[in-house]
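Below: the structure, in structure tokens.
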2 protein chains.
Amino acid sequence: MKIQQLRFLIEVVDSGLNVTLAAERLFTSQPGVSKQIRLLEEEAGVTIFERSGKRFTGLTAAGEAMTRAARRVLLEAENFKRVADEFRDESAGTLTVATTHTQARYVLPRVVAEFTRRYPQVRLAIREGDPHRVVENLQRGEADIGIATEALASAPGLVSLPAYSWHHLLIAPAGHPLLAQDALTLQTLASHPLITYDPAFSGRSRIDEAFRRADIEPNLVLTAVDSDVIKTYVSLGLGVGIIASMAFDSQRDSGLVAIDVGHLFGANITRLALRRGALPRRFAMAFVELLAPQLTPELVSAASREGGQSYDI
Amino acid sequence: MKIQQLRFLIEVVDSGLNVTLAAERLFTSQPGVSKQIRLLEEEAGVTIFERSGKRFTGLTAAGEAMTRAARRVLLEAENFKRVADEFRDESAGTLTVATTHTQARYVLPRVVAEFTRRYPQVRLAIREGDPHRVVENLQRGEADIGIATEALASAPGLVSLPAYSWHHLLIAPAGHPLLAQDALTLQTLASHPLITYDPAFSGRSRIDEAFRRADIEPNLVLTAVDSDVIKTYVSLGLGVGIIASMAFDSQRDSGLVAIDVGHLFGANITRLALRRGALPRRFAMAFVELLAPQLTPELVSAASREGGQSYDI
DNA sequence: TCCTATTACGTCGTCCGTAAGTATT
DNA sequence: AATACTTACGGACGACGTAATAGGA
């Protein structure tokens, strides 16, 4: 049994049982993959793939279990290499962070600034996408760290930790009548045209939930991925905006006034996720600590190892 | 990086940094091992072994961490094979149980009888030794299951579960004055010549502890590994014996009388141990369940995966 | 008929074993 | 001087790529 055979096996499974596609992704020849799969099956004495003639049509029960076991082996093999990398050059390498627009635009800049100062040799890549994209990036091992408010907590194969808590702000042009209100309610809010985030972004679920629970239909005139877009249209008088607290800067956003509406929509927890079982490199843990000081390297290291879902044979 | 290189690395470390010995144990040539180690170091770009000239004198910090990581890879590789074995032939294979004399002689026979009836295809091997030997067998992967009353709970690299509880018996020839005593005390006991287990066996630690706490010096005239030896000498009138409750059978041991002295020495818990992270085969779990019905396969399977000690780089 | 996996075959790499060399105790 | 690792070299196996073949959709 060779590591590469396991790699082939996993790639075939992840390519939807298409050996040709798997071979392309592995930058090798299709017959080579085919043969190694066969050799693996012979050595194990077990049929991994259900075949109808020459097509792979599914995984046998053995194949399911062996795929899971193979993933573990590969994960540990990656970790081995990562340990070596760590010692070869403590402070060089690549750190890929998958996150959403709001985080990338308003939260990460100060973290990135400090990080690149401390680790000038680390190539930092930020992948922006919606929360499900973030999850996917992590699951595939294409990103080391994921940061998002949605989708991370329950994703299989990942561990997530709370990074920080925030709430929503209402923004409106200076002088807007809503700003003079004493106790703002959802009812009042619903009587104005609203601009906020796209579904699945930046705590939008909390907003929907609050209105639904109150059985009020908000008047959403525009939704955006991007807080800047929201602010722009609010400035133009198209409506009042609801944005994440960290997206507002009273200096930069002069002309707009923000008031706290945390009491209406509750607190949001932005979480940080890692692939379960994948040991983060030291500089990755440093990045995490810069983002959320309570997440010490020890804590993050322990979390990455914790709770491997037990798999039965 | 190849699995075999990791195997070589671990064997060299476990051979006390002696490459020649490692090569012998691996049934291969010494230069081959030497070369693969070197290749591994080159590929990783890291020095694993400290050398003084041509001798290996120690592990570098990187070597320590990489050794730990390599062990994990190998453990998962073994698990992969075990999964394959499980499916190739659900009910064939080898089960090695490491245990102490008392367990092997008095507890396991009924378990083994039932097990071999249910799994006639499984080759069952019982390795007898003192508790530290049991631990060693497990740690080296030479045994699948360890059963002992001592040493298992705190052993690194193992997980242990309580199997059953027992207590000590006092045995004496029929008619012995001690048997007529109403409330037996340590003090009374100490006034007779005693025969019991060797240190580190069958709850001997509890016996020592009880006497030490009462600040009484017992008169140990003979110690043995083996309850049968103890019974023999008790029959000969050399003294009174203290043995494990499961070692006495009033039928077979006629001529001897036993009384419970659990109130003097407390309860002993015989534990069952597995190598941490090593997935037991189904028949191994069946063996465990026969021994201790409360240890269900689900529970054992979960335990084997639990609490991987986190390792830092 | 197209697509996909297997079979066949030649080449290159690499792993392993033997033998000689060199450094350390 | 003995022991232990490294270097050198030759042989054999194995992995991979190309080309041809067979089996399904």
Side-chain angles (χ1 to χ4, degrees), chain A residues 1-60 62-63 66-67 70 73-74 77 80-81, chain B residues 1-60 62-63 66-67 70 73-74 77 80-81:
Chain A
M1 183 206 81
K2 311 235 162 49
I3 287 184
Q4 187 142 11
Q5 293 176 328
L6 304 184
R7 205 169 278 132
F8 284 11
L9 165 62
I10 296 304
E11 196 60 50
V12 170
V13 172
D14 289 351
S15 302
L17 308 181
N18 183 326
V19 179
T20 307
L21 178 57
E24 275 170 25
R25 289 189 184 175
L26 291 161
F27 303 103
T28 186
S29 71
Q30 183 273 322
V33 175
S34 195
K35 180 155 201 188
Q36 292 309 318
I37 295 284
R38 178 160 288 275
L39 284 175
L40 185 62
E41 285 186 318
E42 278 173 21
E43 185 183 340
V46 159
T47 306
I48 296 174
F49 291 101
E50 285 173 354
R51 295 167 169 85
S52 100
K54 294 201 168 187
R55 305 279 170 128
F56 287 13
T57 55
L59 280 167
T60 62
M66 289 172 74
T67 301
V73 178
L74 293 179
F80 179 84
K81 286 186 195 145
Chain B
M1 185 205 77
K2 311 236 160 48
I3 288 183
Q4 189 144 10
Q5 293 176 329
L6 303 185
R7 205 169 275 131
F8 284 12
L9 166 62
I10 296 304
E11 197 61 51
V12 170
V13 172
D14 289 351
S15 302
L17 307 182
N18 183 328
V19 179
T20 307
L21 178 57
E24 277 170 24
R25 289 189 183 171
L26 291 161
F27 303 103
T28 184
S29 71
Q30 181 273 320
V33 175
S34 195
K35 179 153 201 190
Q36 293 308 319
I37 295 284
R38 176 163 290 277
L39 284 174
L40 186 62
E41 287 186 317
E42 277 173 22
E43 185 182 341
V46 160
T47 306
I48 296 174
F49 292 100
E50 284 173 354
R51 295 165 167 88
S52 100
K54 294 200 168 187
R55 308 273 169 133
F56 286 15
T57 55
L59 280 166
T60 62
M66 290 173 75
T67 301
V73 178
L74 294 178
F80 179 85
K81 285 186 194 146

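Note on naming: letters A, B, ... go to the chains in the order of the sequence lines (proteins, then strands), and numbering restarts at 1 for each one.
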*Look at the side-chain N and O atoms of A:Thr28 and state whether any lies under 4.0 Å from the OP1 or OP2 oxygen of D:dG17.*
yes
*Distance check: side-chain N/O of A:Ser52 vs OP1/OP2 of C:dA5, anything under 4.0 Å?*
no
*Any side-chain heavy atom of B:Leu26 within less than 4.5 Å of one from B:Val33?*
yes
_Can you measure B:Lys2 atom NZ to D:dG14 atom P for me and round it to whole angstrom units?_
14 Å
*What nucleic acid atoms does B:Leu39 come within less than 4.0 Å of, heavy atoms only: base, sugar-phosphate, or nothing?*
sugar-phosphate
*Compare side-chain N and O positions of B:Lys35 against OP1 and OP2 of C:dC16 and report whether any pair is under 4.0 Å apart.*
no
*Sequence-distant partners of A:Phe56, ring-ring contact (aromatic ring centres under 6.0 Å, His included), two or more places apart*: A:Phe49
*Provide, to the nearest angstrom, the distance between the CD atom belonging to A:Gln30 and the C1' atom belonging to D:dA22.*
13 Å
*Would you say B:Thr20 reaches D:dC5's phosphate, i.e. side-chain N/O to OP1/OP2 under 4.0 Å?*
yes
*For D:dC16, take OP1 and OP2 only and decide whether either is under 4.0 Å from a side-chain N or O of A:Gln4.*
yes
*Would you kindly give the NZ-to-P distance between A:Lys54 and C:dC3, to the nearest whole Å?*
17 Å
*asked:* Test your reading of the model: is there a side-chain donor-acceptor pair from A:Glu43 to the backbone of A:Met1, 3.5 Å cut-off?
replied: yes
*Test for a donor-acceptor pair under 3.5 Å between the base of C:dT24 and the side chain of B:Arg55, counting only N and O atoms.*
yes
*Please give, in whole Å, the distance from C:dA23 C1' to B:Glu50 CD?*
18 Å
_Among B:Thr47, B:Ile48, B:Val12, exactly one meets side chain to side chain contact (heavy atoms under 4.5 Å, CB included) together with B:Leu59. Which residue is that?_
B:Ile48
*Find the distance B:Phe8:CZ to C:dG17:P and express it as a whole number of Å.*
8 Å
*Is B:Gly32 touching bases, backbone alone, or none of the nucleic acid, heavy atoms closer than 4.0 Å?*
nothing
*C:dT4 P sits how many Å from A:Phe56 CZ, rounded?*
13 Å
*asked:* Using a 4.0 Å heavy-atom cut-off, does B:Leu26 contact any base of the nucleic acid, only the sugar-phosphate backbone, or nothing at all?
replied: nothing
_Separation of atom CZ in B:Arg38 from atom P in C:dT14, rounded to whole Å_ = 17 Å
*Any side-chain N or O of B:Gln5 under 4.0 Å from OP1/OP2 of C:dC15?*
no
*Measure from CG on A:Leu17 to P on C:dA5 and round the result to the nearest Å.*
9 Å
_A:Thr57 versus A:Leu17, closest heavy-atom pair with distance_ = C-CD1, 3.6 Å
*asked:* Would you say B:Ser29 places a side-chain N or O within less than 4.0 Å of OP1 or OP2 belonging to C:dA19?
replied: no
